[in-house]
Amino acid sequence: MSGRVIVITSGKGGVGKTTTSANIGTALAKNGSSVVLIDTDIGLRNLDLLLGLENRIVYTLVDVVEERCKLKQALVKDKRNPNLCLLAAAQTRDKSAVSQDQLKELCDELKEEFDFVLLDCPAGIEQGFQNAVAGASEAIVVTTPEVSAIRDADRIIGLLQAREEIDSYKLVINRVRPQMVQTNDMLSVDDVINTLHCDLLGVVPDDTYIITSTNKGIPAVNEEKSLAGKAYLNIARRIMGEDVPFIDLDEPKNILDKIKRFFKSLGKGE
Amino acid sequence: MEQNYNDSYVIDLSYAVTASDIVYELSSIIDNDRAKNQKIVLKLGDVDLNQSQLLSIRSLINSINSTVEILETNSEQTELAAINLGIVVSEMKSLEAEQTSSVESSLPEPTYVQSYGYVKLEDHLPNDNEEDNKSEDSVCKDTKMSNDEKNASVIVEDFASKAGFKSEDVADDKQDVMNNEVKNEEVLSENIEKLEELKQDNLISDEKADEIFEAKSEDIQDALDNIYASEVKLESILESEVQNEEGIISEAQVKRAILKEEKYTEADFEIDHFSTTYIKQTLRSGQIVNYDGNVVIIGDCHPGSEVIASGDITVWGVLSGIAHAGAKGNERARVRALKMNAIQLRIANCYARKPDGMNTIFPERSSTFTPEEARIINDEIVIFKIND
């Protein structure tokens, strides 16, 4: 069995790479696949916090690479889902602690045992990014509907295209606010795709529950009410090859919005 | 130490004094290719092993596709445990005499390295445990072996539930701890008896047993982790803090895996002669202090920071990172802090982690602190309030 190695990257910081990694990983594991999440953000690790596994980490990615422990000792099993494992980054080292070859070797080893190996990439295009991308064959580019994030995503896509080992790359647009899109205050999903010319994997709405879930250490996909959680579950199903329609984010919430929308459509019709 | 004869592979551990020696020696043997896919003959000396220890040794050997065929021991307890696990116990004195007398004289006296230390601390061994769980799940039908494994799981569960006690009680009177131990052992034997009865009456249906087992598998997994983990006898400490009108009350629930007698050696008193370093700054995430001696930190230790010392660690502030006192194996080392909020506490070969429920990364600042001290009591990390 050979699993899929997917890197989750963005270029710009703070667009939700780690949140996306944690949620897609959890969602894939919920669907029955065996998943290992690797935090490659050495020195600034966060993935363990989002999964609520901080207190269980004894060995890290650097310990594995430097052969201070066996690989299986460093894999921390998730509290809720036995299919999900985390390989945490070291907090007391920096990006130069591992090399591209070492991570590639590690990914090759892990993909023999797991269906999915997800790499959470650090921000930037320096060594940390190069390391994370080295072992991957697929990429998910996370961006937000902001000009700066799109500019950086464009740069990242360029770098990914230059790498032969990356077979496919897909776009996740995070933190979309449908109401702002309607009033033309935010770039729409179509605008982003037209700018980046990239296949769309999913659209994740801005959801306050993400903040709660980060603080609690429980990924949003575990919360049924969360719209973002639903979007991540759909993304996971698309990764597994299902054809899932995109959620209609524009759906009006109350009667007043419905009436407004009706009159708007009349206006457009004329 | 090892030799091949007939078609079995003999591992001679008769000179081992404690269970940890055995685990240490075995862990070096499993890397040996010759030991793989073999029938293993295990020679044990006077060591007393209980069922769960033996179970873990067996699964360690199973992890390299070998099986424990025969076991030789001088200890009655080990013999009983082995019989319960379905391992053949035999006196191989004559064989041993024939086979080893010539060899032994030429062999040098075996020397041990105690595998204490920071790097040796092992917590997660999903590999072995996964295999354990799988085999247990699949075998859980009618075989004697699976029944015994269920026993083991229930026993561990019982320790978890019965062994919880408040740290204040311990602080008041260490005798309480001893009483608790006696109680635990009584409970354990009762449990075994009950399970024997249940087994005979066939009251445990297979499905029910599977359910029980699934529910307890995390506990047994934790317990096994620690037995493997080079002498880590402590299962875990759950410390929760409740804010009430009077102040902070800390409540420690202690899970126990194995009991071990306290030993006092010269090394225990070394701490007094260690040199001490003072660090007058706040340790932030990613910063690490590693010192051969005692460490005093005047400031806070934020989450993500690490303090490793071969002696005591004293934090004049809030300890929220990882602290490892007695990193070279000194079990008398202690960790003290004005506010104990550590994500992980390690003393010598013991390990404790913060319970999952508490997610206060930065503790509330209050005008009054209750200083706390962590030390090892009977192979468990126990946190005491320092009131006076």
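Convention: sequence-line order gives letters A, B, ...; per-chain numbering from 1. Bear in mind the structure is a predicted one, so any value in this text is a computation, not a measurement.
- Within a 6.0 Å sphere centred on CZ of A:Arg177, heavy atoms belonging to other residues, nucleotides or ligands number 12 at most.
- Under a cut-off of 6.0 angstrom, the local environment of NZ in A:Lys230 is sparse, with at most 12 non-hydrogen atoms contributed by other residues, nucleotides or ligands.
- Counting heavy atoms of neighbouring residues, nucleotides and ligands inside a 6.0 Å radius, atom CD of A:Glu224 does not exceed 12 of them.
- Across B:Gly304 and A:Gln91, no two heavy atoms sit closer than the pair O-CG, 3.5 Å.
- With values rounded to the nearest 0.5 angstrom, B:Ile322 atom CD1 is found 8.5 Å from A:Thr92 atom OG1.
- Between A:Ile57 and B:Arg346 the shortest heavy-atom distance is O-NH2, 4.0 Å.
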Give every donor-acceptor pair under 3.5 Å between a side-chain atom in residues 102-110 of chain A and any protein atom, sequence neighbours left out.
| residue | atom | partner | partner atom | Å |
| --- | --- | --- | --- | --- |
| A:Gln102 | OE1 | A:Ser99 | N | 2.8 |
| A:Gln102 | OE1 | A:Ser99 | OG | 3.3 |

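- The minimum heavy-atom distance linking A:Asn55 with B:Gln344 is given by the pair O-NE2, 2.9 Å.
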